[in-house]
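Just the heavy atoms: all of them, side chains too, but no hydrogens, waters or symmetry mates, feed the values below. Just so you know, these numbers come straight off a predicted model, no measurement behind them.
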2 protein chains.
Amino acid sequence: MQGLARQGLTGQDRDGGPASTQDGRASVGPVQDDLVLAGLALDGRGPLFDQIKRAVAGQILRGRWLAGERLPNEAELSSLYGVSRQTVHKAIALLAREGFLVRRRRAGTFVATGRRDRFALPIEDIGDVVAREGRVYEFRIRDRKSLRNGEGIRWPDLPDGTPILTLECLHFSDGTPIQFERRLVNLDVVPEVVDEAFDVVAPSRWLVDRVPWSSADHSVRAVNATAEMAALLGVEAGAACLSIRRQTMHLSRPVTLVHFLSVGDRFSLSGSSITDSATELNL
Amino acid sequence: MQGLARQGLTGQDRDGGPASTQDGRASVGPVQDDLVLAGLALDGRGPLFDQIKRAVAGQILRGRWLAGERLPNEAELSSLYGVSRQTVHKAIALLAREGFLVRRRRAGTFVATGRRDRFALPIEDIGDVVAREGRVYEFRIRDRKSLRNGEGIRWPDLPDGTPILTLECLHFSDGTPIQFERRLVNLDVVPEVVDEAFDVVAPSRWLVDRVPWSSADHSVRAVNATAEMAALLGVEAGAACLSIRRQTMHLSRPVTLVHFLSVGDRFSLSGSSITDSATELNL
DNA sequence: CGACGGTTTATGTACATACATTATCGTCCA
DNA sequence: TGGACGATAATGTATGTACATAAACCGTCG
């Protein structure tokens with residue numbers, strides 16, 4: 001085809017309106033009209049592969065292809081849009097990687113089915129949450145011990161005898177206690193922690209900065225506050241609290257095991273959580 | 001270079017051990033030794049771009065490059081590994097898309113900083129959870145009304161007068177009530193719901209199958225059970241319960257607003273949640 | 001009719017090339 | 001000194017080409 005002069009499309013120098021898809025394409029007429037009718041028209045905003053992602057994802061959202069149905073193959077899409085197969089491939093492969101599509105060699109590309117509730121709830125650092133709400137965040141270390149695993153406390157996923165640091169910490173929002181934290185740190189992985197006083201940076205933040213790139217498993221439950229916890233958090237015994245347990249791993253080694261206990265009516269987990277990356281597409 | 005005959009690497013017909021990276025590469029010697037020393041050697045498993053992703057991500061995890069530091073540019077990596085720039089580009093661009101790296105034109109590629117706790121907790125359908133635990137799942141519709149928004153109940157994000165369906169539902173695990181559900185459904189979006197009896201498929205599942213591709217926002221709190229709820233769930237009043245609120249959207253229109261109330265010691269949210277896609281890399 | 005095996009088709013990967021885009025870095029000049 | 005400005009170095013996008021891979025398809029043969 002007319003090889004070049006298409007890169008210019010990526011910039012701001014767009015001319016045609018949203019419906020006119022491409023500008024100087026040679027064969028106007030039937031093909032583009034079909035596209036417009038099908039609602040498949042490109043919008044001219046951003047790179048071509050992004051436009052194609054949006055066009056295809058938009059059609060799926062609008063029910064043009066139902067779950068499980070087959071999409072046109074790369075060659076067909078490529079000639080429909082008048083772009084190379086690689087460009088279509090990039091767009092479709094990305095949608096597949098994001099979970100919208102399933103691709104099988106020889107069989108074709110299908111709208112993903114059984115997209116179950118893949119909703120995910122972001123779990124943020126409490127300091128960030130408090131700060132974002134415009135409140136004053138403070139914390140206080142209540143207790144700190146060095147010991148070995150199995151001596152009084154047992155960290156299941158860690159061999160007995162491993163040196164660990166235990167921390168107890170209270171978190172405040174505008175002076176009100178909102179969360180109690182009890183943490184174990186693996187000293188084999190982070191020996192430097194013994195020299196850290198935690199008078200400025202909170203343990204969670206310190207660990208994230210020090211040992212990034214980790215994975216974790218969580219569990220979130222509701223529990224009634226014990227008398228001791230209730231006293232610490234300044235609520236009456238039995239108040240509903242959110243209990244979050246998190247174990248963090250780095251290269252398959254446990255780094256830290258932490259229990260958060262938050263007062264129910266002073267703290268909530270929340271977030272606009274998306275079935276993966278639907279927002280990226282601006283639909 | 002020696003253009004072809006490299007595709008064979010993607011298959012199973014690998015020959016060299018994990019340390020020998022490529023096979024018939026022309027210039028053996030210093031380059032590959034450097035790679036091995038640097039721990040950057042490819043492992044020969046899977047496509048080249050995946051191997052490069054693993055090699056680079058692995059080095060970051062091992063602290064070879066710290067947060068904020070700059071990586072070699074595409075040309076350097078390309079000659080290091082003896083692959084084309086496109087292949088390196090694909091690997092690095094994917095790592096950037098997954099949040100591990102930040103790229104700036106002319107400036108270079110950097111290890112992402114401030115990777116905050118982007119942990120995400122998957123929120124599953126309760127039927128799936130119960131079934132996976134090997135228990136018997138049942139549900140019972142307790143109440144069902146058709147009305148208009150504002151008549152007794154108000155759904156904030158929906159205009160007054162919009163027809164809605166309200167549902168109340170109890171979920172059981174092995175006969176024990178574990179969750180109460182109160183749901184509003186936007187009849188403008190899903191009018192078919194009035195013809196659905198929900199005698200086989202639970203409302204959440206029905207809606208997911210019917211209106212996929214949605215986004216949602218959640219909030220999770222801990223509350224003490226009211227007397228009424230306690231009676232329904234078979235616990236004493238005041239028992240700690242997990243309260244999950246979810247509003248689901250489709251093409252910017254609210255579809256359903258649902259409140260789940262789960263008994264604290266019979267239900268927990270949990271999941272191995274990963275800072276994005278670290279698991280994909282098998283590190 | 002069913003097992004087997006070759007053909008075909010659609011996706012997957014890799015490389016080469018070309019050009020666009022965007023900061024950064026120097027340099028020159030006021 | 002400092003600001004404009006152009007060279008430059010990095011990533012970003014698009015196309016063409018070639019081959020690999022997997023699985024569906026189909027025809028043949030037992």
- Query: Where do B:Trp65 and B:Val111 come nearest, in terms of heavy atoms and distance?
  - Reply: CB-CG2, 3.8 Å

Is there a donor-acceptor pair under 3.5 Å between the side chain of [X] and the backbone N or O of [Y]?
{"X": "A:Arg97", "Y": "A:Ala93", "answer": "no"}
{"X": "A:Ser78", "Y": "A:Val83", "answer": "yes"}
{"X": "A:Gln59", "Y": "A:Val56", "answer": "no"}

- Message: In whole Å, I'd like the distance from the CG atom of B:Leu71 to the P atom of D:dA10.
- Response: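 It works out to 13 Å between those atoms.
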
- Query: Could you give the CD-to-P distance, from A:Glu74 to C:dT13, as a whole number of Å?
  - Reply: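 It works out to 11 Å between those atoms.
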
Is [X] side chain donor-acceptor paired with the [N] base, going by distance under 3.5 Å alone?
{"X": "A:Arg105", "N": "D:dA22", "value": "no"}
{"X": "B:Arg104", "N": "D:dG12", "value": "no"}
{"X": "B:Gln86", "N": "C:dA16", "value": "yes"}
{"X": "B:Arg106", "N": "D:dG12", "value": "no"}

- In terms of side-chain heavy atoms of A:Pro47, which of C:dT24, D:dA14, D:dA24 is nearest?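 Looking only at heavy atoms from C-beta outward on A:Pro47, the closest nucleotide is D:dA14.
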
- B:Arg103 side chain, from C-beta outward: closest of C:dT24, D:dG12, C:dA10: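 My answer, after comparing the listed nucleotides, is D:dG12.
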
- Hey, does the side chain of A:His89 come within less than 4.0 Å of C:dT11's phosphate (OP1/OP2), counting only N and O?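 Indeed not, no polar side-chain atom of A:His89 lies that close.
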
